[in-house]
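Structure first, then comments.
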There are 2 protein chains.
Amino acid sequence: MTHAQLRPPTMADVARLAGVSHQTVSRVLGDHPNVRDETRVRVLRVIEETGYRRNSSARALVTRRTRTLGVVASDTTLHGPASTLFALEEAARAEGYLVSTVTLRKLSMETLSEALDHLSEGGVEGVVAIAPQRSAVAALAELRCPFPVVVMGSGPGVEIPSVSVDQHLGARLATGHLLAAGHRNVWHLAGPEDWQEAADRAAGWKATLEAAGVEPPMLLRGDWSPLSGYRAGQELAGWVGRGLTAVFVANDQMALGVLRALREAGVRTPQDVAVVGFDDIPESEFFAPPLTTVRQDFSTVGRRGIEILLELIEGRPPATARRVAIEPQLVVRTSTFPHAVQWEGEPL
Amino acid sequence: MTHAQLRPPTMADVARLAGVSHQTVSRVLGDHPNVRDETRVRVLRVIEETGYRRNSSARALVTRRTRTLGVVASDTTLHGPASTLFALEEAARAEGYLVSTVTLRKLSMETLSEALDHLSEGGVEGVVAIAPQRSAVAALAELRCPFPVVVMGSGPGVEIPSVSVDQHLGARLATGHLLAAGHRNVWHLAGPEDWQEAADRAAGWKATLEAAGVEPPMLLRGDWSPLSGYRAGQELAGWVGRGLTAVFVANDQMALGVLRALREAGVRTPQDVAVVGFDDIPESEFFAPPLTTVRQDFSTVGRRGIEILLELIEGRPPATARRVAIEPQLVVRTSTFPHAVQWEGEPL
DNA sequence: CCGTGATTTGTTAGCGCTCACAATTACCTC
DNA sequence: GAGGTAATTGTGAGCGCTAACAAATCACGG
């Protein structure tokens, strides 16, 4: 815990103590091959003794590489963003990059611009934006940055490189699962209009129903929170007995609210109404009843995002497409399938 | 999206274009008072036109200030760490600092040391460690860093500055609440042994019972996960009718598992067994039944942490103690108090 | 219109490091 | 041991910026 207040040793100090030139020290540190073993050992010993550490600013100045990436995110306490962030950092660190994060309470042109400025001041070489709102992506596209930017979770239509889970597919899996289980129709509680993921999930739901020749019923909207799910659930409860037997909820938190509302209204899940969520948060398996949901592989999303960003930064040729969609996976539990005790995998 | 591949403009470029010396540009950027308005405007226009940005490395090199803080954390997908991280970053940004994060899968002497190295390479001026495990704090105390370190969530006994929520108090609130509701005894499902928070909560629980002249029953242990709560819940269900009427669970996720296990065993909550959790995650309010729990103010924890770290970095005199405990708050819901909303059954 | 002090601007010298190149040394072969 | 090559080490410059100081400019009373 001691941290010397006096100026830390420089490379020149180490060089003097080891009886070599500063360049030799630099070579040792840089794993340069042409250094005599004896010299290397001597230098390393002095480094060890003095606790010397290269000055990152000086290094960055001359190499023009800070080896730092930026991440802009919001709602980092939610499972999706938090998981993505984690994967992002881990992948970046594996490549020797440091990750600096800016977490916004709300994404707007202004806050985004400030965030990018802040990161830019910090010398990041590139930025990953966890920007699920369409408006945020649009803003991002307008902003001019001196570094490459990759978006996580954007939809089509923007020319920024992006990585996301195939929400449309996820919604088809969920809706298809309910239809296959014999439900004549499936209702949908969607996320906020501005969210690309919400739009994609709603579109996937609609497409599946239409492909099955079913007229999609009224679409409800929430804001991802359990409370909004609870409110929507109360409304849904009113439709039980009038054709409502299955609901696809756009995320697990809202599904939790729906479950509570249905329970309070005396509606049994899954006997009266089957419910599917989206995300597979760690809690879902223990909901009442355990929730059938769609699992997203955030870790792959994060890794691919860093991969693309580094290609952009280092000017490497793209190994794969600059617009990647990861496949989600249906997890069947009791909320749609009473006989599923705790079992994951195969759709019915 | 454009990011020039050619070398970005330097201060000298701007100076030339504005017909002044680079130092004048520096003064404009540094808000130095002694610059003629006319000159300032001219310089600013050129900056605007060229899109010039100061080189952070060069600045850091000469000022010896990177204005970057590091955070080491693990389990960032959990509510507590995620919230703390968020608060930390927000507070740091308000002070003009950038935050670089390293997220560890597991905290050990080795991984911690690597993390600090990585941050050090990145030039951080100080580090906040979200290290709830005692072993991690111990390791941290051993590691020598060239910068100050503040720990979030450590307990007593270590000489590193720390900020945490008063877990002991939280546990007393929870346990006391159950006793006050008429329960003769309270069982406890604790967190992992190595976690300071788990130890503090268990100690608070024990102290409250002993103060009430009650012999604390067997203590169960989980790993914070809903699954471990579920398993413990199955065991607890076996004690119903043999004196078990109330359980204090060390976090909400495990409480969720307990609730499910009790439900599956035909035990009603709260009529047969009352349950209290800890954390107040956003989902708790919608559990079946809504969970009484203890809310922690992570945002304050984060702000105070940054405050202390900056005092240490900037050599300011401490405005407050270097060992801060924030007060938690009891949130009463249906899982202990049937009349809270619409839960029928006789009162305890 | 000069002197005085305040304001505004320019000049110089590093910060600590890596790169390019020069200089030195070691190692062969004949 | 000379000559050549390869391995090892040293030297100088400069990355882009700020701090300290020097120089120039201005305002204005006498």
Side-chain angles (χ1 to χ4, degrees), chain A residues 4 6-44 46-47 50-68 96 120-125 146-147, chain B residues 4 6-44 46-47 50-68 96 120-125 146-147:
Chain A
L6 18 65
R7 184 167 302 185
T10 72
M11 194 171 266
D13 295 332
V14 174
R16 194 162 16 78
L17 260 49
V20 297
S21 75
H22 63 140
Q23 178 61 305
T24 298
V25 178
S26 175
R27 274 190 274 253
V28 169
L29 254 20
D31 269 335
H32 203 90
N34 292 339
V35 178
R36 217 177 356 152
D37 258 6
E38 188 197 312
T39 313
R40 181 190 312 278
V41 168
R42 189 147 36 96
V43 169
L44 285 175
V46 175
I47 288 177
T50 55
Y52 168 74
R53 321 223 40 166
R54 275 188 293 197
N55 180 312
S56 58
S57 306
R59 246 159 83 70
L61 177 57
V62 64
T63 59
R64 302 166 181 290
R65 301 296 311 274
T66 58
R67 296 198 76 83
T68 300
S120 183
E121 291 284 323
V124 299
E125 295 185 39
F147 42 66
Chain B
L6 17 67
R7 184 167 302 184
T10 71
M11 195 171 267
D13 296 331
V14 173
R16 194 161 18 77
L17 260 50
V20 296
S21 76
H22 64 145
Q23 179 61 297
T24 299
V25 177
S26 175
R27 274 190 274 255
V28 169
L29 254 21
D31 268 334
H32 203 90
N34 292 338
V35 178
R36 214 171 5 142
D37 260 5
E38 187 197 312
T39 315
R40 181 190 310 278
V41 168
R42 190 147 35 98
V43 169
L44 285 175
V46 175
I47 288 177
T50 54
Y52 168 74
R53 322 227 33 170
R54 277 188 292 198
N55 179 312
S56 58
S57 307
R59 246 160 82 70
L61 177 56
V62 65
T63 59
R64 302 166 183 290
R65 302 295 313 272
T66 58
R67 297 198 76 82
T68 300
S120 182
E121 291 284 322
V124 299
E125 296 185 38
F147 41 67

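All values derive from a computational prediction rather than experimental measurement.
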Review point. Are any non-hydrogen side-chain atoms of B:M11 and B:S26 less than 4.5 angstrom apart?
Key: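 They are in side-chain contact.
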**Study point:** Side-chain heavy-atom pair A:V124, A:F147 within 4.5 angstrom cut-off
**Key:**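 A:V124 vs A:F147: side chains touch.
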Side-chain donor/acceptor pairs under 3.5 Å, residues 55-63 of chain B, sequence neighbours excluded:
residue: B:N55; atom: OD1; partner: B:S57; partner atom: N; Å: 2.8
residue: B:N55; atom: OD1; partner: B:A58; partner atom: N; Å: 3.0
residue: B:T63; atom: OG1; partner: B:R59; partner atom: O; Å: 2.7
residue: B:T63; atom: OG1; partner: B:R65; partner atom: N; Å: 3.3

Please report, to 0.1 Å, the donor-acceptor pairs under 3.5 Å made by any side chain of residues 27-44 of chain B, with sequence neighbours excluded.
residue: B:R42; atom: NH1; partner: B:A18; partner atom: O; Å: 2.6

Point to revise | Pair listing, salt bridge (charged side-chain N to carboxylate O under 4.0 Å, His left out) test, anchored in residues 8-22 of chain A, at least two apart | key: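 As it turns out, the salt bridge (charged side-chain N to carboxylate O under 4.0 Å, His left out) pairs with a partner in residues 8-22 of chain A, which skip direct neighbours, are A:D13-A:R16.
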Exercise for review: Check whether any side-chain N or O of A:T39 sits under 4.0 Å from OP1 or OP2 of D:dT9, and answer yes or no.
Suggested key: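 Answer is yes, contact under 4.0 Å.
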**Study point:** Sequence-aligned protein contact record of nucleotides 17-25 of chain D, with B where the base is within under 4.0 Å of a protein heavy atom and S where only the sugar-phosphate is
**Key:** SBBB-----
**Study point:** Taking every non-hydrogen atom, the tightest pair across B:P146 and B:S120
**Key:**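 For B:P146 and B:S120, the tightest heavy-atom pair comes out as CG-OG, 4.1 Å.
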**Study point:** Considering all heavy atoms, the nearest A:Y52-A:T10 contact
**Key:**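 In terms of heavy atoms, the two residues are closest at CE1-C, 3.5 Å.
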Exercise for review: Determine to 10° how strongly the helix from C:dC1-D:dG30 to C:dC30-D:dG1 is bent, judged from the axes of its five-pair ends.
Suggested key: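 Comparing the first five pairs with the last five, the axes sit 40° apart.
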Point to revise | Nearest-Å distance for atom pair CZ/P, residues A:R16 and D:dG10 | key: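 From A:R16 CZ to D:dG10 P: 14 Å.
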Exercise for review: Provide, to the nearest angstrom, the distance between the CG atom belonging to A:D37 and the P atom belonging to D:dT8.
Suggested key: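 For the pair A:D37 CG and D:dT8 P, the rounded distance is 9 Å.
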Check your understanding: On DNA chain C, nearest-nucleotide positions of A:S57 versus A:R36: which is more 5'?
Key ->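 This one resolves to A:S57.
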**Study point:** Outermost DNA chain C nucleotides near chain A [under 4.0 Å, heavy atoms]
**Key:**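 Going 5' to 3' along DNA chain C, contacts run C:dG16 to C:dA20.
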